[in-house]
Amino acid sequence: MSVLEKFRNIFVRSPTPVSMAKLVTERGNGVYSWNGKIYQSDVVRSCIRPFARSIGKLDAQQIRDNGENIKVNPDRYIKALLDEPNPMMTGQMLQEKLATLLALNNNAFALIVRDAGGYASQIYPIAAYNAEAIYDADMNLFLRFWLGSGKELTVPYENIIHLRTDFSTNDLFGESNMDTLRPVMEVVGSIDSSIVTAVKNGGMLRYILKFAGNFKPEDIKASVDEFIDSFLSNKSTRIGVAGVDAKSDVLPVTPTDYVPNAVQWTNAVKRIYTFFNTNEKIITSSYTEDEWNAYYESVIEPVSLQMSNEFSRKIFSRRERGFGNKIIFASTNLQYASMSTKLGLQAMVDRGAMTPNEWRRVLNLPPIEGGEEAIRRLDTEPVQKGGNSE
C-alpha cells in the first residue's frame with residue numbers, strides 16, 4: 001500500500017448511502033497525464049531539468065505582515081512543514097517534483113494532510129495517471145485521482161495544492177501537452193532511429209564480396225564466412241596480404257560520418273526548446289548574467305508567484321491570511337550574477353536593504369553570528385533622525 005493510499009479513507013467524505021448517481025455529479029471535467037514516454041526523451045529531460053532545479057532552489061518561507069511589522073517564519077510548525085513536508089523528502093525535493101510534473105502535464109498536485117486541529121502537518125506530491133473533477137450533492141468540489149497501482153484517491157479540493165499552466169479552455173485544469181508535443185516528438189523519434197541505424201551500418205559493414213555469376217545462398221554464405229575466418233578474424237595468421245579467386249571481388253566500404261536528416265533534427269529540437277521556454281545556453285549552463293535573469297523573470301518567477309499564492313491559500317485559512325500570514329518562495333538568483341554585481345551589493349548592506357548574512361549567501365559564504373540584523377552606516381540615517389529640521 002502506497003503512502004497516498006493509506007490516507008484515502010481519511011480524506012474521502014462518505015456521503016449518505018444512496019445511489020452513486022445521485023450523490024456524485026460527473027461533470028466530464030478531467031485531465032490526463034502523458035503515457036510516460038515523453039520523459040524518456042533526452043531532449044525533453046534536458047529542457048525540464050534546469051527548470052525543476054531552479055524551482056527546487058527557491059527558499060520557502062512563512063511571512064507574517066500585519067501592517068506594522070514583518071516576521072519571517074514565526075510559526076515553527078510551518079517552518080518544519082516547508083523544510084520537511086513528509087518523511088520521504090525535503091522541501092527542495094518536493095518543489096523539484098512538482099516542477100517536473102507541471103512541465104510534463106501542465107498540472108501538478110500535492111496532497112495536504114491535516115492534523116486533528118485542521119492544521120497542515122504533511123504534504124505529498126501526487127503523481128497520478130488521471131485526475132477528474134467531481135461534485136457531491138452539496139456541490140462541494142473533489143478531485144479523483146487514478147494512482148499508479150490502479151486504485152483511486154478522492155480528495156476535497158481544499159486539501160489539494162494545484163499548480164497549472166496553459167490555463168485556457170478548461171474550468172479547472174491546465175491544457176495537456178499531449179496533442180501539442182506528439183507531432184514533434186514523433187519527428188525526433190524517427191530521426192533518432194535513423195541515426196542509430198546509420199551508425200550501426202557504418203560501423204559493422206566493412207567489405208562487400210561481389211560474386212561473378214549466380215551462386216546458391218548457402219555457397220555465398222560459406223564463401224563470406226571463409227573470407228572472415230581467413231582475413232578478418234583475430235586468429236588469422238595472414239597479416240597484410242589477402243587473396244581471392246576469380247569468382248569474387250572484394251569491395252571495401254568507406255565509413256562516413258553522415259547523419260540523416262540533420263537539419264530536420266536540429267529544427268525539431270529547437271521547437272522543443274521553444275515549447276519549454278528554454279534554450280541551449282540554459283541547458284548547458286553557459287548563459288550570461290543577463291540571459292539568466294531573462295530566463296528567471298519569464299519562466300521561474302511566474303511559477304514561484306503561483307506557488308506562493310497556492311500554498312498560502314491552501315495551508316492557511318482565510319482568517320489566518322487576514323492576519324498577514326502567507327508563504328513565499330524567495331529567489332537567490334543573484335548567485336548567478338557576476339562578481340562585480342555581487343560586490344556592488346555592499347551599498348545595499350550599508351543602507352540596511354540587505355543583512356550581512358543575505359549578502360554572504362549571495363557570495364556563497366557561510367553566515368556569521370549577528371549577521372541577520374540589518375545595519376546602517378552613520379551617514380545614512382533615516383531623515384527623521386539624522387536629517388535637518390527647521
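In what follows, every heavy atom counts, from backbone to side chain, and hydrogens, waters and symmetry copies are set aside. Quick caveat, the model's predicted, so the values are computed rather than measured. Numbering starts at 1 and runs along the sequence shown.
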Sidechain-backbone polar pair: Asp138 side chain, Asn140 backbone, donor-acceptor under 3.5 Å: no
Side chain to side chain contact (heavy atoms under 4.5 Å, CB included) partners of Gln306, counting only residues at least two apart: Leu163, Arg164
Polar side-chain atom of Asn107 near backbone of Asn105 as donor-acceptor pair, under 3.5 Å: yes
Partner set under side-chain hydrogen bond (donor to acceptor under 3.5 Å, both in side chains) for Thr169, not counting sequence neighbours: Glu175
Which residues share a side-chain hydrogen bond (donor to acceptor under 3.5 Å, both in side chains) with Lys326, sequence neighbours left out: none
Just list the side-chain donor-acceptor pairs under 3.5 Å for residues 297-305, sequence neighbours left out, or say none.
{"from": "Ser298", "atom 1": "OG", "to": "Ala294", "atom 2": "O", "distance (Å)": "2.8"}
{"from": "Ser298", "atom 1": "OG", "to": "Tyr295", "atom 2": "O", "distance (Å)": "3.4"}
{"from": "Ser304", "atom 1": "OG", "to": "Glu301", "atom 2": "O", "distance (Å)": "2.8"}

Set of side chain to side chain contact (heavy atoms under 4.5 Å, CB included) partners for Thr274, sequence neighbours left out: none
Sidechain-backbone polar pair: Asn170 side chain, Gly174 backbone, donor-acceptor under 3.5 Å: no
Asp115 and Ser121: CA distance, side-chain angles, deciding distance, side-chain hydrogen bond (donor to acceptor under 3.5 Å, both in side chains) verdict: CA-CA 6 Å; Asp115 59 19; Ser121 59; 5.6 Å; no
Donor-acceptor pair, side chain of Glu320 and main chain of Ser317, under 3.5 angstrom: yes
Geometric cation-pi criterion Lys97 and Tyr124, 6.0 Å radius, 45° cone: no
Partner residues of Phe316 under the ring-ring contact (aromatic ring centres under 6.0 Å, His included) criterion, sequence neighbours left out: none
Any residue meeting side-chain hydrogen bond (donor to acceptor under 3.5 Å, both in side chains) with Ser308, in chain and number order, not counting sequence neighbours: none
Atom of Glu291, atom of Ile282 and distance for their closest heavy-atom approach: O-CD1, 4.4 Å
Between Tyr129 and Phe145, ring centroids under 6.0 Å: no
Residues in salt bridge (charged side-chain N to carboxylate O under 4.0 Å, His left out) contact with Arg53, at least two apart in sequence or another chain: none
From CZ (Arg271) to OG1 (Thr266), nearest 0.5 Å: 13.5 Å
Ring pair (Phe, Tyr, Trp, His ring centres under 6.0 Å): pairs with one or both residues in residues 50-70, sequence neighbours excluded: none
Just list the side-chain donor-acceptor pairs under 3.5 Å for residues 69-82, sequence neighbours left out, or say none.
{"from": "Asn73", "atom 1": "OD1", "to": "Gln62", "atom 2": "N", "distance (Å)": "2.9"}
{"from": "Asp75", "atom 1": "OD1", "to": "Arg64", "atom 2": "NH2", "distance (Å)": "3.1"}
{"from": "Asp75", "atom 1": "OD2", "to": "Gln62", "atom 2": "NE2", "distance (Å)": "2.9"}
{"from": "Asp75", "atom 1": "OD2", "to": "Arg64", "atom 2": "NH2", "distance (Å)": "2.7"}

For Tyr273, all residues meeting ring-ring contact (aromatic ring centres under 6.0 Å, His included), sequence neighbours excluded: none
Side-chain donor/acceptor of Thr90 to backbone N/O of Glu84, under 3.5 Å: no
Distance (rounded to the nearest 0.5 Å) between Leu111 CG and Lys314 NZ: 11.0 Å
Asn293 side-chain N/O to Glu289 backbone N/O, donor-acceptor pair under 3.5 Å: yes
Enclosure of Arg313 CZ (heavy-atom neighbours >12, cutoff 6.0 Å): yes
Thr278 (side chain) donor-acceptor with Cys47 (main chain) under 3.5 angstrom: no
Counterpart residues, side-chain hydrogen bond (donor to acceptor under 3.5 Å, both in side chains), relative to Arg45 (two or more places apart): none
Backbone of His162 reached by a side-chain donor or acceptor of Glu310 within 3.5 Å: yes
